[in-house]
Asker: 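Right, I'll just put the structure down here and ask away after.
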Amino acid sequence: MALTEEGGRAGSRALSWRARVALLIFAAIACGVVLVTNRMLTDRFTQNTRSRAELRLALYGGNLVSELQRNSIVPQLLSRDPALIGALNSQDYTQSTQRLISFVDEIGAASLMLLDREGRTVAATDRNRLGEQHNTAPYFVDALRSNGTVFSVLPREAGGYRFTYSRKVESQGNAVGVVIVEVDLQKFERAWAGISDAVHVTDSTGNIILATEPRWRGKQEAEALAAEPPASAIQRAIQATADWTTLPADAYLRGEAVMRMSQRIPFRGWQITSFTTYASVRERVNGVIASEIMAFAILLALAFYALSRKNALRSAVFQRESADLRVLNERLQREIAERERVQENLAVAEQTLAQSSKLAALGEMSAAVSHELNQPLAAMKTYLAGAGLLLRRNRPDEALSSFQRIDDLIERMGAITRQLKSYARKGGADLAPVNMGAAVHSALSMMEPQLKSRQVRINLAVPERAVMVMGDRVRIEQVIINLMRNAIDATQTVEMPQIDVFLSAGETATLTVRDNGHGIEDLTSLFEPFYTTKQPGDGVGLGLAISSGIVNDLGGRLTARNASAGGAVFEMQLPILSEDIEAAE
């Protein structure tokens, strides 16, 4: 029975392996077919799109040249018209405007104007322009100086350009006026705007003089294409293209959005350029590819159906295995719950060790503090005896002075006991704004008896402005006292012990404690629990580990290093409390 089951599993694994290989081969063939089809159809449809764009450009350019050539003959004919020459000689222009109007429909020009020798409009198809002065206009000045027809391109005040032919009118060898024919090229812009291409025409200097996008006119191509286009399909495609001035003809094959085509116009160095979207190409290619993908999907679905029948037989085996997994999962959950309880116990033990360490430090200080309390008590006894003697001698003022000294001594003794009580108290869980400078002074005050007994020199530098952090003052003072105790212990063998305490405020509140001892031998294990370099009985190695845990809980960090001049340097960095947060608190 066992052999049969093992053989069935081996056969199932072999079948599964063959099915996976077949599936990979099928996917590779499908991807290859789709990629080849995509490349072939894209090349074919792209070439068709490119050919149509080239044909349109040739047609647009031919229309422009035809319109310009047709209008270029008109100034020559009008400059020889007897009626216009007679009107300029007699200065009788009553019939001149009507005569120009009769020509404009036949010619198809945008407008016709007749200027006298001083550049004043004396006849025009647009009667609103009668009386205008054009004596400084290039088409008037150049026409008087030339013996032929002059072509001019001038910007309009309302936007766009005016395209004019001008020629001087002569009578008996003298120039008596100028005839101006304005060519209507804007009709091509309006016609181009109805197609799916973006088209512009540039002159010999590269300035755009005709364009389907009004914002392009008057700019160089690179500057125009960088401007924000209107919200249309072709303009959004243009906006998505990265580099317009260097687009190759096969831009779509490189993932670009449009194809740029350009041709020269045989007229004064003009050039016409079009931007054509590949939307139609992509749609046609995607249609064929979608059909191929659907066919492959159907074949794949049939293959999966065949495999699913075999998988149904294997599911029974998996169900039995899942029952075993559920049993194992329940066992793991019990182990996880047990580990969580152990972690909770460890957390309680850590807090207990922290408090024990603090109380141990408190006991160590109590011996020195008792010496401090004995001195005020002895002084008080002396002052009381002196005050009684002064009262018997009827000198109450001097006796009051003795009582004042006694009161000062009592206040000092109260301050010492209050510091011991606050240090012995457990830190609360609630955080509040803490003045680091005040915490440093309080810690130094509690360490004062040990510092005096060892004759340690303290260099203290605390900013005048309050350095505020968010934390628990009792726990912060515990860290400072632990750092001070380590510094005192590190300077036991130094002849002139010295400890530098610096508080600075920047992005963080940084408290630096530096001693002139022999430094730290093993920096990697310094903050590990029960690591100590002291003699047995002098410490258990929990002070720095507890201090590091306190600082981490407050969102800061505690680091140590050896100073270049000798000695150890400890830095406690805590997030500084900004004035806005402090005010909110």
Asker: Does Glu223 have any side chain to side chain donor-acceptor pair (under 3.5 Å) partners at least two apart in sequence or in another chain, and if so, which?
Answerer: none
Asker: Short question: side chain of Asn552, backbone of Ser548 - any donor-acceptor pair under 3.5 Å?
Answerer: yes
Asker: Are Asp500 and Asn516 close enough that some pair of their side-chain heavy atoms sits under 4.5 Å apart?
Answerer: no
Asker: Tell me every residue that passes side chain to side chain donor-acceptor pair (under 3.5 Å) with Thr273, counting only those two or more places apart in sequence or in another chain.
Answerer: Ser262
Asker: For residues 555-569, please give each side-chain donor-acceptor pair under 3.5 Å, one per line with the distance, not counting sequence neighbours.
Answerer:
from	atom 1	to	atom 2	distance (Å)
Arg557	NE	Gln573	OE1	3.1
Arg561	NH1	Glu571	OE2	3.2
Asn562	OD1	Ile520	N	2.7
Asn562	ND2	Ile520	O	2.9

Asker: So for atom CZ, which belongs to Arg217, do other residues, nucleotides or ligands contribute more than 12 heavy atoms lying within a distance under 6.0 Å?
Answerer: yes
Asker: Can you list every pair that meets salt bridge (Lys or Arg N to Asp or Glu O under 4.0 Å) and has a residue in residues 325-334, with sequence neighbours left out?
Answerer: none
Asker: Is the Trp216 ring parallel, tilted or perpendicular to the Phe275 ring (thresholds 30°, 60°)?
Answerer: perpendicular
Asker: Could I get the full list of side chain to side chain contact (heavy atoms under 4.5 Å, CB included) partners for Gln343, not counting sequence neighbours?
Answerer: none
Asker: With rounding to the nearest 0.5 angstrom, report the CG to CD1 distance, Leu444 to Ile480.
Answerer: 8.0 Å
Asker: Side chain to side chain contact (heavy atoms under 4.5 Å, CB included) with Ala461: which residues, sequence neighbours excluded?
Answerer: Phe502
Asker: Going by the rule side chain to side chain contact (heavy atoms under 4.5 Å, CB included), which residues pair with Asn435 if we only count those two or more places apart in sequence or in a different chain?
Answerer: Ala438, Ala466, Met468
Asker: So, for Thr212 and Ala198, which heavy atoms are closest and what is the spacing to 0.1 Å?
Answerer: OG1-CA, 3.7 Å
Asker: Going by the side-chain contact (heavy atoms from CB on, under 4.5 Å) test, name the single residue among Asn459, Asp515, Ile458 that passes it with Gln498.
Answerer: Asn459
Asker: Please name the pair of heavy atoms, one in Leu554 and one in Leu431, separated by the smallest distance, quoted to 0.1 Å.
Answerer: CD2-CD2, 3.7 Å
Asker: Side chain to side chain donor-acceptor pair (under 3.5 Å) with Arg341: which residues, sequence neighbours excluded?
Answerer: Glu338
Asker: Please report the shortest heavy-atom distance between Ala443 and Ile481, naming the atom on each side.
Answerer: CB-CG1, 3.9 Å
Asker: Within the structure provided, determine whether Val501 and Met484 are in side-chain contact (heavy-atom separation under 4.5 Å).
Answerer: yes
Asker: Quick one: salt bridge (Lys or Arg N to Asp or Glu O under 4.0 Å) pairs with a partner in residues 21-35, sequence neighbours left out?
Answerer: none
Asker: Would you please name every residue forming a side chain to side chain donor-acceptor pair (under 3.5 Å) with Thr508, sequence neighbours left out?
Answerer: Thr510
Asker: Using side-chain heavy atoms (C-beta onward) and a distance below 4.5 Å, is Ile29 in contact with Ile25?
Answerer: yes
Asker: Is there a side-chain contact between Glu213 and His200, using heavy atoms and a 4.5 Å cut-off?
Answerer: no
Asker: For residues Pro433 and Leu577, report the shortest heavy-atom separation together with the two atoms involved.
Answerer: CB-CD2, 3.7 Å
Asker: Only counting residues at least two apart or in another chain, list the ones meeting salt bridge (charged side-chain N to carboxylate O under 4.0 Å, His left out) with Glu464.
Answerer: none
Asker: For Ile576 versus Val469, what's the shortest heavy-atom pair and its separation?
Answerer: CA-CG1, 4.4 Å
Asker: Between Gly471 and Val434, what is the shortest heavy-atom contact and its length?
Answerer: O-CG2, 3.5 Å
Asker: Determine, step by step, whether Val440 and Glu477 satisfy the side chain to side chain contact (heavy atoms under 4.5 Å, CB included) criterion, reporting the C-alpha distance in whole Å, the side-chain angles of both residues, the deciding distance to 0.1 Å, and the verdict.
Answerer: CA-CA 7 Å; Val440 170; Glu477 290 179 0; over 6 Å; no
Asker: Tell me whether the count of non-hydrogen atoms from other residues, nucleotides or ligands lying under 6.0 Å of CD in Gln492 goes above 12.
Answerer: yes
Asker: Taking side chain as C-beta onward, heavy atoms only, is Met572 less than 4.5 Å from Thr512?
Answerer: no
Asker: Kindly compute the distance separating CZ (Arg339) from CD1 (Ile336), expressed to the nearest 0.5 Å.
Answerer: 8.5 Å
Asker: Can you find a pair of side-chain heavy atoms, one from Ile476 and one from Leu574, that are under 4.5 Å apart?
Answerer: yes
Asker: Ignoring hydrogens and angles, state whether a donor on the side chain of His518 or Thr493 is under 3.5 Å from an acceptor on the partner side chain.
Answerer: yes
Asker: Nearest 0.5 Å please: distance from the CE atom of Met436 over to the CZ atom of Arg473.
Answerer: 10.5 Å
Asker: Decide yes or no for Pro575 and Met470: does some side-chain heavy atom of the first lie under 4.5 Å from some side-chain heavy atom of the second?
Answerer: no
Asker: Is there a donor-acceptor pair under 3.5 Å between the side chain of Gln220 and the backbone N or O of Ala222?
Answerer: no
Asker: With sequence neighbours left out, what residues match Leu35 under side chain to side chain contact (heavy atoms under 4.5 Å, CB included)?
Answerer: none
